[in-house]
Visitor: 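First the structure, then my questions, so here it is.
To find a chain, count down the sequence lines: A is the first, B the second, and so on, and within it residues start at 1.
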Amino acid sequence: MAAAGTPSTTTRLSPLDVLPSPALLLWVFLAGAPADAQSPADSHLVAGAAHFRAGRFAEALVELQVARARGASADVEWYVAAALARAGRPEEALEAFARADREAPAARDALFDYYRALAAHDAHLLVLCAQLLERVAREGGPRLREQAARVRADVARALGAEPPRAAVEVLLARGEDAQRLGRLELAQAYWTEAGALAGRRADGHGARAALERLAALAAPDAGAPP
Amino acid sequence: MTPALAALLGAAGAACPQLPAAEAVDAAEAQAYLEVAEASEARGDAAAAAFAFAQAARHGADPGRAGAGLERVCAPAASSADALEQATARLEAGDCREVLRLLEPAPARRLPAAQLVFGICALEAGRPAEAEAALAQAESDPSLAGPARFYLALAAFERGEMGRARAQLAAAVRQAPQLEPAARPLAWLARRSGRLELSAAAGAAFDSNVDQAPGTTLFPSGSADGAADVAVEAKLAPLPPGGPWLRLDGSYRKLFRLGQFDCGAVGAGAGYALVVRPVRATASYRFAFTTLGQELWSLAHALAASLALRLGPVALSAGYQGTNRSFLSAEAAGFSGWVHGAGFEVAWSAGPWAVRGGYQLQRDFTAAPALGRLEHGPELGLQLAVAGRARLEAHLAVSWRAWDGVDPDLQVARRDTVLAGALGAEVDLTSMLSAYARVDGRYVLSNVAELQYGRLAAAAGLAFALGVW
């Protein structure tokens, strides 16, 4: 059995597997629309969707970023984040999701939460993953809920046992690494997860360290290495 | 480099598009692609940057800017693939100096695998900051995250951050389970090591000739005894891998029958280690007193210095120790005085095997001139690490001893030859607990037949070690 904090497998979805998703479905559907009927930004969205559908995520990212530069709304940040999640860049995806949450909170939907959960899973942020999947279960359509349930079961198994000390320490260390690189949102995510895992241990190992780091992160000189 | 790491490196690679001709000129489009390309390049996403530069060229971007961008992203990638191939071969041959020369130019390290190889060798060369920066770049490639974290753990180990080292090792194994055999012994070592290390050992021992009774047998009648041993030690070294250190230690052996030979020792020492890879130099002072039976037996002040140089699989070291001993009993007072010892050693390691050879010299200047002596001779050792958790060791030494004066009782100038050998084994039972067993044999030949003696000693027990900071 996988130890807590040790994901085993992740269920991967194609956008076409999760039909009841208004925003992303619309975007992917655009891939079939004639490009000349769209604005400059839309044509890049269409191209991005085509690349995304074909599994060319680096190219999809470029088109989405060009779309943003050509006037697309901040909603595009959600697609960028989803593409990063699918490209196997979970930490960058989590940062992009945080940015999207800030800049276009209204565009969030259950499918984006699902991709965000997958990114959290791949970054070993299982408590965050479980929280996101709970929301997917509440807000997603039937097929998405079914897909999410598989990942939830995997995460629940991993979180079932008391997390080992090493799992907490890994998260604390990753947070410090992220802070050293100036990736403060990522550092916050790791330390929040470390605190949550520590709270599941009988001895609370690492809880104080996580709290201290989160408090320091909120301080004005939070960008400085510890 | 472990086979698992070699396999992971072999999986790394990159692809790049050709520079296309302008098809649909649109300055705004081209500019947007260029900006995204340059941002992707800055982020280290070569694949996205290459695609965006190509798209910019397709939309009529300034060929200089787009072409130069593609060249930066792609041409170096091709040359860095060549550099990586060469560097990986040199790494496998243990030639880190050449690896650093090949990968020193930043364009040669475009590929994450090149960052990994560079980081490994920068770490080996004692350039931890560069190593960690390179390894962090390598870590961004999911296929290399495991080995990158493995070596980041070693960097943390070097800095004495054992908690971080253990955490990185755990993460490395999660990313690349094939690294587990290499990571586990390191994780255990990290558990035992730190800025403050506490250790203790307890066991049983047997000595065939406690009182060094003369004779040609290893088991002279009435001289054998069993014993119980305990030892404790605390060492504080706050600025690893070098810097100052303090050490306290104590040991006691309680014999079951010959209580007059019960012996104990308590010591306190301080020193300084200067580490400038690949050189390590140390200087130290130690005070110790010993007991024999129920009495204080000796006091000793020791000054020591050593110099070690590691060149790939070969390590050279030399050292000196001067000890001023004061024996407190009247019958041993003549042995008081300075003992100067010096030696050098060459060690060579290959995989689990390590062999070392050296030569030792010791000069005693004693209070009683006739008891002074010069002893010197070679020694040879062989070590084998088994499955990362057990160590076997064999040791052989011979030395020749010449006494300064004529023995006042025997009226001869003594000449001795000392033959010594040992076999030892240590097995890690848990991250903090080991079992040990050791057999030592010693036979002293003398030109005075009555002073020959032999001795066989064995010891076994458990040892505990913990790094608490």
Visitor: So does A:R102 have more than 12 non-hydrogen atoms from other groups sitting under 6.0 Å from CZ?
Guide: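 Yes, the 6.0 Å shell around CZ holds more than 12 heavy atoms from other groups.
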
Visitor: Which heavy atom of A:V62 sits nearest to which heavy atom of B:A48, and what is that distance?
Guide: CG2-O, 3.3 Å

Visitor: With only heavy atoms counted, which part of A:R89 is less than 4.5 Å from chain B, the side chain, the backbone, both or neither?
Guide: side chain

Visitor: With a 4.5 angstrom heavy-atom cut-off, could you sort out which part of A:A58 is near chain B: side chain, backbone, both or neither?
Guide: both

Visitor: Under a 4.5 Å heavy-atom cutoff, which of B:R166, B:E132, B:E29 has the most pairs with chain A?
Guide: B:E29

Visitor: Answer with side chain, backbone, both or neither: which region of B:Q55 has an atom nearer than 4.5 Å to a non-hydrogen atom of chain A?
Guide: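 Contact with chain A: side chain only.
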
Visitor: With rounding to the nearest 0.5 angstrom, report the CG to CD distance, A:L181 to B:E139.
Guide: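 Atom-to-atom, A:L181:CG and B:E139:CD are 8.5 Å apart.
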
Visitor: Under 4.5 Å from any heavy atom of chain A, what part of B:A156 do you find: side chain, backbone, both or neither?
Guide: neither

Visitor: Would you mind checking which part of A:R174 comes under 4.5 Å of any heavy atom in chain B, side chain (CB onward), backbone (N, CA, C, O), both or neither?
Guide: side chain

Visitor: Quick one: pull up CD in B:Q168 and CD in A:E169 and give me the separation to the nearest 0.5 Å.
Guide: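 So the gap between those two atoms works out to 11.5 Å.
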
Visitor: Show the nearest heavy-atom pair for residues B:S40 and A:Q65, with the distance to one decimal.
Guide: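 That would be OG-OE1, 4.2 Å.
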
Visitor: Using a distance-only test with no angle check, is there a side-chain donor-acceptor pair under 3.5 angstrom linking B:Y33 and A:E63?
Guide: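 Side-chain D/A pair, B:Y33 to A:E63: present.
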
